[in-house]
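Report on one structure; see the data block that follows.
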Amino acid sequence: MDEVIKIVNDIKAGNLKPIYFLMGEEPYYIDKLSDFIEDNVLSEDEKGFNQTVLYGRDVSVEDVVSTAKRYPMMAERQVVIVKEAQELSRTIDKFESYANNPMPTTVLVLCYKYKTLDKRKKVTKVLAKNGLVYESKKLYENQVGDWIKRVLAGKKYAIEPKASAMLVEFLGTDLSRINNELEKLKIILPAGSTITAHHIEENIGFSKDFNVFELRKAIGERNQLKAYTIAENFAQNPKDNPIVMTTGLVFSFFIQLLKYHGLKDKNPKNVAAVLGVNPFFLKDYDLALKNYPMKKVSQIVGSLREIDVKSKGVGANALSNGDLLKEMLFHIFN
C-alpha cells in the first residue's frame with residue numbers, strides 16, 4: 001500500500017513514467033492505479049483526442065505499440081491504457097523494443113492481472129529501467145483485517161473485530177469484493193461510524209447467527225446444540241452456505257489448532273502471528289485448545305479430509321449436504 005501511495009504522489013507531482021506495467025495476483029491496486037491515471041493525468045478537454053483504452057483480447061502488441069507511438073493532439077501528452085493485458089502474455093516479449101525507446105509524450109499503462117512477468121527476463125528489466133513495474137501481491141488472510149481497518153480509517157470509519165472477521169470469512173482475500181461491500185455501508189452510515197456485525201448482517205446479507213464463523217465458534221466451545229442448529233440451517237440454505245466452503249473453513253480451523261498445540265512459545269502475540277488470526281479472537285482458540293487435545297485434533301483433521309472428498313462428490317453415495325454436515329459434526333464431537 002505504501003508503494004501505491006508513492007506512485008500516486010509522484011503522478012500528482014507531475015513525475016510521470018512513460019510506461020506503467022501493473023502486474024500481480026491482486027487486481028484491486030492494479031485497477032486503482034489505472035483508474036487514477038485515467039482520471040487525473042489529462043484534463044477533460046484533453047481526454048477526447050489523447051486518451052485511449054484498449055483491451056488485451058482485442059488487440060496485438062503491435063497495435064498497442066502503434067497507438068503508443070502517436071503524437072498527442074493539442075496536448076503535452078497522451079495516455080494509452082491496456083486493460084486485461086495478460087491476454088497478450090504469449091507475445092509480451094515484443095514490448096521490449098518499445099520499452100527500450102518509449103515515446104516521451106505517451107503514458108502507456110499495461111494492466112497485467114493475475115500473472116507476473118519473470119523478473120529475470122530482459123523485457124521485465126527494460127520495462128523497469130525505462131518505466132515502472134509494480135507487482136500487486138495477494139494479501140494473506142491474516143493481513144486483510146488490518147487492510148480493512150486502514151481503508152476505513154482513511155475514510156473516517158472504524159470497524160469491530162468481529163465485523164471485520166465476518167467480511168474475511170465470507171469474502172476471503174478478494175480486496176475488490178470487500179471494498180465493494182464497504183462502499184455499500186458508507187452510503188448508509190455517516191462518517192465517524194463504527195461498522196458492527198449487525199450492520200453487516202442487515203445490509204450485506206450475512207446472518208450473524210448462522211454463518212461459518214459462528215459454527216467454528218460453537219465447535220470450539222463444544223456447544224453441540226448450537227453447532228447442529230447452524231448445520232441444519234446450512235442444509236436448508238445450501239446456496240448461501242456451500243458445503244465445500246464450510247468443510248474447508250472448519251478444516252482450516254483444526255489445522256490452526258494443530259499448529260497451536262505444537263507451539264513452544266504460546267505468547268499471545270506469537271500465537272496470533274503463527275495462526276494468522278486477530279488477537280481479539282485468541283480466547284476462542286484458547287478454549288478450543290482445552291476442549292480438543294492434540295491427538296483428537298489429528299483424528300478430526302483426518303476425518304475432515306474424508307468429508308471434504310465426499311463433499312466434492314467422490315464416494316459419497318449421494319449423501320445430502322445436511323447428512324455430510326451431520327457426519328462432520330459426529331466425527332468432531334465423538
Side-chain angles (χ1 to χ4, degrees), residues 1-56 64-65 67-86 95 98-99 101-113 116-117 119 124-139 143-144 146-158 175-180 182-183 186-187 191-192:
M1 191 170 181
D2 291 341
E3 188 178 356
V4 173
I5 292 171
K6 183 181 184 305
I7 293 170
V8 168
N9 287 338
D10 281 345
I11 294 171
K12 286 180 178 178
N15 300 323
L16 289 158
K17 301 288 186 181
I19 304 173
Y20 289 88
F21 195 92
L22 313 176
M23 65 180 186
E25 293 296 323
E26 176 49 66
Y28 177 79
Y29 284 117
I30 294 175
D31 287 337
K32 284 293 182 184
L33 286 170
S34 173
D35 290 346
F36 183 81
I37 292 171
E38 187 173 352
D39 293 340
N40 294 280
V41 169
L42 299 179
S43 69
E44 289 303 319
D45 291 338
E46 293 171 330
K47 288 178 183 177
F49 291 109
N50 297 292
Q51 188 149 284
T52 306
V53 177
L54 305 172
Y55 289 85
V64 175
V65 170
T67 304
K69 284 185 175 181
R70 294 176 187 167
Y71 286 99
M73 294 181 64
M74 296 176 290
E76 185 179 343
R77 60 177 61 87
Q78 70 159 340
V79 173
V80 179
I81 298 172
V82 185
K83 298 189 176 183
E84 312 299 338
Q86 69 274 10
F95 275 114
Y98 178 79
N101 188 28
M103 284 286 287
T105 54
T106 294
V107 176
L108 174 61
V109 183
L110 298 161
C111 304
Y112 198 81
K113 294 181 180 178
T116 58
L117 289 182
K119 292 177 182 176
T124 313
K125 293 177 180 178
V126 174
L127 285 165
K129 178 182 177 183
N130 296 326
L132 181 144
V133 175
Y134 166 71
E135 182 178 353
S136 183
K137 296 180 180 179
K138 212 162 188 65
L139 295 185
Q143 297 174 311
V144 178
D146 287 337
W147 178 85
I148 291 171
K149 284 170 61 179
R150 286 201 308 272
V151 168
L152 287 173
K155 298 172 181 177
K156 312 296 184 190
Y157 288 85
L175 303 187
S176 296
R177 286 183 68 197
I178 293 172
N179 187 65
N180 287 340
L182 294 177
E183 289 297 320
K186 280 168 54 190
I187 293 172

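By convention here, the first residue in the shown sequence is residue 1.
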Correct closest heavy-atom pair for Ala128 and Val133 would be N-CG2, 3.6 Å
Side-chain heavy-atom pair Val64, Phe95 within 4.5 angstrom cut-off | yes
Gln51 side chain vs Glu38 backbone, donor-acceptor pair below 3.5 Å = yes
Does a side-chain heavy-atom distance below 4.5 Å link Ile11 with Asn15?
-> no
Dump the intermediate steps for side chain to side chain contact (heavy atoms under 4.5 Å, CB included) on Val82 and Leu108, then the final yes or no.
-> CA-CA 8 Å; Val82 185; Leu108 174 61; 4.2 Å; yes
Salt bridge (charged side-chain N to carboxylate O under 4.0 Å, His left out) partners for Asp146, two or more places apart = none
By side-chain contact (heavy atoms from CB on, under 4.5 Å) - contacts of Tyr71 (at least two apart) = Met103, Thr105
Would you say Ile7 and Leu33 make side-chain contact, with heavy atoms under 4.5 Å?
-> yes
Hey, could you give me each pair passing salt bridge (charged side-chain N to carboxylate O under 4.0 Å, His left out) that has a residue in residues 70-79? Not counting sequence neighbours.
-> none
At their closest point, which heavy atom of Ile81 faces which heavy atom of Cys111, and how far apart are they?
-> CG2-SG, 4.4 Å
Residues Lys113, Asp31: salt bridge by 4.0 Å N-O rule = yes
Could you give all pairs that pass the side-chain hydrogen bond (donor to acceptor under 3.5 Å, both in side chains) test and reach residues 127-138, with sequence neighbours left out?
-> Lys119-Glu135
Those residues at least two apart in sequence (or on a different chain) that pass side chain to side chain donor-acceptor pair (under 3.5 Å) with Gln86 are Glu84
Separation between CG (Leu127) and CG (Leu132), nearest 0.5 Å, reads 10.0 Å
Could you pull out all donor-acceptor pairs under 3.5 Å where a side-chain atom in residues 16-26 meets a protein atom, sequence neighbours excluded?
from  : atom 1 : to    : atom 2 : distance (Å)
Tyr20 : OH     : Lys17 : N      : 3.0
Glu26 : OE2    : Tyr28 : N      : 2.9

Do you know which two heavy atoms are closest between Pro72 and Asn50, and how far apart they sit?
-> CA-OD1, 3.2 Å
Determine, step by step, whether Ile178 and Trp147 satisfy the side chain to side chain contact (heavy atoms under 4.5 Å, CB included) criterion, reporting the C-alpha distance in whole Å, the side-chain angles of both residues, the deciding distance to 0.1 Å, and the verdict.
-> CA-CA 10 Å; Ile178 293 172; Trp147 178 85; 4.0 Å; yes
Could you pull out all residues at least two apart from Lys6 that satisfy salt bridge (charged side-chain N to carboxylate O under 4.0 Å, His left out)?
-> Asp10
Heavy atoms only: give me the nearest Tyr55-Val53 pair and the separation to one decimal.
-> CE1-CG1, 4.0 Å
side-chain contact (heavy atoms from CB on, under 4.5 Å) filter on Asp45, not counting sequence neighbours, yields Ser43
Quick one: salt bridge (charged side-chain N to carboxylate O under 4.0 Å, His left out) partners of Lys186, sequence neighbours excluded?
-> Glu183
Would Val80 and Val107 count as a side chain to side chain contact (heavy atoms under 4.5 Å, CB included) if you check the C-alpha gap in whole Å, the side-chain angles of each, and the deciding distance to 0.1 Å?
-> CA-CA 6 Å; Val80 179; Val107 176; over 6 Å; no
Ala158 to Leu152 - nearest heavy-atom pair and separation | O-CD1, 4.3 Å
Side-chain donor or acceptor of Asn179 paired with backbone N/O of Leu175 under 3.5 Å = no
Partner residues of Glu44 under the salt bridge (charged side-chain N to carboxylate O under 4.0 Å, His left out) criterion, sequence neighbours left out = Lys47
Mind checking what makes side chain to side chain donor-acceptor pair (under 3.5 Å) contact with Thr124, not counting sequence neighbours?
-> none
Test item: Asn40 side-chain N/O and Phe36 main-chain N/O as donor-acceptor pair under 3.5 Å | yes
